[in-house]
Amino acid sequence: MTTERVSIHGQWSSRLAFILAATGSAVGLGNIWKFPYIAGENGGGAFVLVYLMCIAVIGIPIMMAEVMLGRRGRQSPINTMRTLASEEGVSRHWQWLGWAGVLAGFLILSYYSVIAGWALAYVFRAGSGLFTGQTADGIQSIFTSLTSDPERLLAWHTLFMVMTMVVVARGVRSGLETAVRLLMPALFVLLLVLVGYAWNSGAFEQGIEFLFTPDFSKITADGVLIAMGHAFFTLSLGMGAIMVYGSYLPDNASIAKTSIAVSLMDTLVALLAGMAIFPIVFANGLEPGLGAGLIFTTLPIAFGHMDGGAFFGMLFFILLVFAAWTSAISLIEPAVAWMVENMGLNRIHASVLAGVVTWLVGLLTVFSFNIWSDVTPLSGIPIFHDKTIFDLLDYLTANIMLPLGGLLIAVFAAWQMRKSSSADELAMGEGFFYTLWRFLVRYITPLAVVIVFLHVIDII
Ligand code: TRP
C-alpha cells in the first residue's frame with residue numbers, strides 16, 4: 001500500500017477536508033467570471049459542449065493523475081517530480097515540469113489578483129446602493145471608471161495579494177478549511193437566487209438556448225483550444241496546484257471518487273453562473289461577447305432592480321472574493337512549498353517573497369486595462385493579434401501552459417511510471433475503471449492536446 005512518505009507541511013484532517021480544499025481551489029473566478037465571458041465570446045452552446053467533453057475525458061483523469069502523483073511524492077511538485085522520476089528510473093528532467101508549474105502559477109495569479117480586485121471593489125459599490133435603478137449604460141460606465149483608473153486597480157490588487165499572502169503564510173490548513181466549508185455552500189445558494197431572478201427576467205429561454213443549443217458553425221479551432229484550456233483552468237490542473245494539495249491527502253482516501261466529486265461541483269457552479277448571466281444579457285439587449293467585463297456589467301443590473309439588491313449584491317461579491325481567495329492560495333502553494341523545502345525559509349517569509357513577485361508581475365495587468373490598453377506586444381503573430389498584455393498572459397497560461405503541463409503529467413503518469421505504481425497509489429484495483437483511466441491518460445489526453453494545438457497553428 002502506497003509509500004511511507006509523510007509531508008513536512010502537514011496533512012488534511014480528512015478526505016472531506018481535501019474535497020473542500022480542492023473544490024475551493026477549483027471553484028473561483030474561472031467559473032463565475034471567466035466561463036460566462038469566454039462562452040459568450042465563442043458563440044455559446046457548441047463551446048459549452050466542447051468544454052463539458054474536455055472536463056469528462058481530460059479533466060477528471062488528469063485530476064486523478066495529479067492527485068496520485070502528489071500523494072505518492074508528498075512534496076512540492078518540483079521535488080515530487082524529482083523523487084518519483086528517480087524512483088521510477090526515468091529522466092531527472094521531469095522536475096522541470098514542476099518548475100514550469102511554478103512559473104504558470106505566478107503568471108496566472110498575477111492577473112487573477114487584479115480581477116479579484118474588481119470583485120473586492122464591487123463589494124463596496126454594491127453595498128452602497130450604487131447600482132440601484134441604473135440602466136445598462138450606467139452600469140457600464142461604473143465598470144469603465146474602475147478599470148480606467150490604474151491607481152484604484154492597483155489598490156485593490158494590492159489588498160487582494162496581501163489577503164492571499166496572509167492565508168498562505170498561516171498554512172493551508174488553518175482557516176482555509178473552515179472558510180470553504182461555510183462559504184462555498186453560501187455561494188451556491190446565492191447563485192441559485194440569481195438564476196431565480198434570471199428566470200423572471202423575460203429572456204430565460206433565450207439564455208438557456210444560447211448556452212445549451214450547440215451550433216458548430218459558431219466555433220473555431222481557437223474556440224476549441226479555449227474550451228480545452230478552460231477545462232484545465234477551471235479544475236486547477238496542469239501546474240501542480242492539485243498535485244500539491246494531493247500531497248497533503250490522507251493515504252486511505254479514494255482518489256477517483258474525490259476527483260469526480262470536485263469536478264462535478266465545479267462544473268455545476270459554472271453552469272449556474274452561465275444560467276444566471278445570459279438571460280440578463282439578452283433581457284437587457286446586451287452582447288454575449290462583451291469580454292472580461294461581462295459579469296461586472298450584467299449582474300449589477302439584476303442587483304439594481306431586485307428587492308434587497310444592495311444586500312444581495314454585496315453578499316454575492318463577498319462570496320466571489322472568497323471563491324477567488326481559496327483559488328489564489330492554491331496557485332502560489334507549489335512555489336511556497338518548494339521554498340520551504342529547498343531554501344530553508346519559513347512559511348511566512350516564503351509567502352511574502354512569492355507574494356511580492358506576483359504583485360509586481362500584476363502591474364502588467366493593472367496597466368493593460370488603461371495606460372497600456374493599446375499595447376499589443378505580439379500582434380505580429382496571427383493568433384495573438386490584438387491581444388493586450390492581460391489577454392496574452394491569460395492566453396499563454398490557460399491555453400498553452402496548462403494543456404502542455406497536463407500533457408506532460410499524462411505522459412509521466414501513464415507512460416513513464418510503472419503500471420504497478422499508479423495502480424498501487426490509485427488503489428482502485430486493476431479492473432474496468434483503472435483500465436479506463438489509464439487508457440484516457442495514456443492516449444486520449446496527449447492526443448487531444450496535440451491535435452488541438454496543431455489545429456490552432458493551422459498545421460492540420
Ligand atoms: N480553478 C480556479 C478558478 O477556476 C483558478 C485556479 C486555481 C487555477 N488554481 C489553479 C487555474 C491552478 C489553473 C491552475 O478560478
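In this chain, numbering begins with 1 at the start of the sequence shown. Keep in mind that what you see is a predicted model, and the values were worked out from it rather than measured.
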Check your understanding: Where does the angle between the aromatic ring planes of Phe143 and Tyr122 fall among parallel (under 30°), tilted (30 to 60°) and perpendicular (over 60°)?
Key -> perpendicular
Check your understanding: Any chance the side chains of Glu341 and His9 put a donor and an acceptor closer than 3.5 Å?
Key -> yes
**Study point:** Short side-chain donor-acceptor distance under 3.5 Å, Tyr395 and Asp222
**Key:** yes
Check your understanding: Do Ser110 and Thr358 pass the side chain to side chain donor-acceptor pair (under 3.5 Å) test, and can you show the C-alpha distance, the side-chain angles, and the key distance before you say yes or no?
Key -> CA-CA 5 Å; Ser110 79; Thr358 317; over 6 Å; no
Point to revise | Value rounded to 0.5 Å, distance of CG in Leu286 from CD1 in Ile277 | key: 11.5 Å
Study note, to complete from the structure: dist Ile242:CD1 -> Ile409:CD1 (nearest 0.5 Å) comes out at 10.5 Å
Exercise for review: Would you please say whether a donor-acceptor pair under 3.5 Å links the side chains of Thr388 and Trp372?
Suggested key: no
Exercise for review: Please work out which of the three classes, parallel, tilted or perpendicular, describes the rings of Trp12 and Tyr248, given edges at 30° and 60°.
Suggested key: perpendicular
Practice item. Could you point out which residue of Phe35, Tyr37, Phe210, Phe204 forms a ring pair (Phe, Tyr, Trp, His ring centres under 6.0 Å) with Phe278? Key: Phe210
Check your understanding: Looking at Arg347 and Glu333, does any basic side-chain N land under 4.0 Å from a carboxylate oxygen?
Key -> yes
Check your understanding: Could you give the distance from CG (Leu331) to CD1 (Ile108), rounded to the nearest 0.5 Å?
Key -> 5.5 Å
Point to revise | Donor-acceptor side-chain pairing of Tyr434 and Ser422 below 3.5 angstrom | key: yes
Check your understanding: Salt bridge between Lys34 and Asp394, side-chain N to carboxylate O under 4.0 Å?
Key -> yes
Practice item. Using only heavy-atom distances, determine whether the side chains of Asn370 and Asp149 contain a donor-acceptor pair under 3.5 Å. Key: no
Check your understanding: Checking side chain to side chain donor-acceptor pair (under 3.5 Å) for the pair Tyr111/Ser368: CA distance, chi angles, key distance, verdict?
Key -> CA-CA 10 Å; Tyr111 69 80; Ser368 88; over 6 Å; no
Review point. Ring centroid separation for Trp156 and Phe124, is it under 6.0 angstrom?
Key: yes
Check your understanding: Between Trp118 and Phe369, does the ring centroid distance fall short of 6.0 Å?
Key -> yes
Check your understanding: Does the separation of the ring centres of Phe303 and Phe131 fall below 6.0 angstrom?
Key -> no
Practice item. Identify whether NZ of Lys or CZ of Arg in Lys218 sits under 6.0 Å from the centre of the six-membered ring of Phe47 and within 45° of that ring's axis. Key: no
Point to revise | Minimum heavy-atom distance between Trp33 and Phe296, given as atom pair plus value | key: CD1-CE1, 3.8 Å
Check your understanding: Is the shortest side-chain N to carboxylate O distance from Arg15 to Asp251 below 4.0 Å?
Key -> no
**Study point:** Euclidean distance, Ile32 CD1 relative to Ile115 CD1, rounded to 0.5 Å
**Key:** 14.0 Å
Review point. Does the side chain of Ser327 pick up a donor-acceptor pair with the side chain of Ser25 at under 3.5 Å?
Key: no
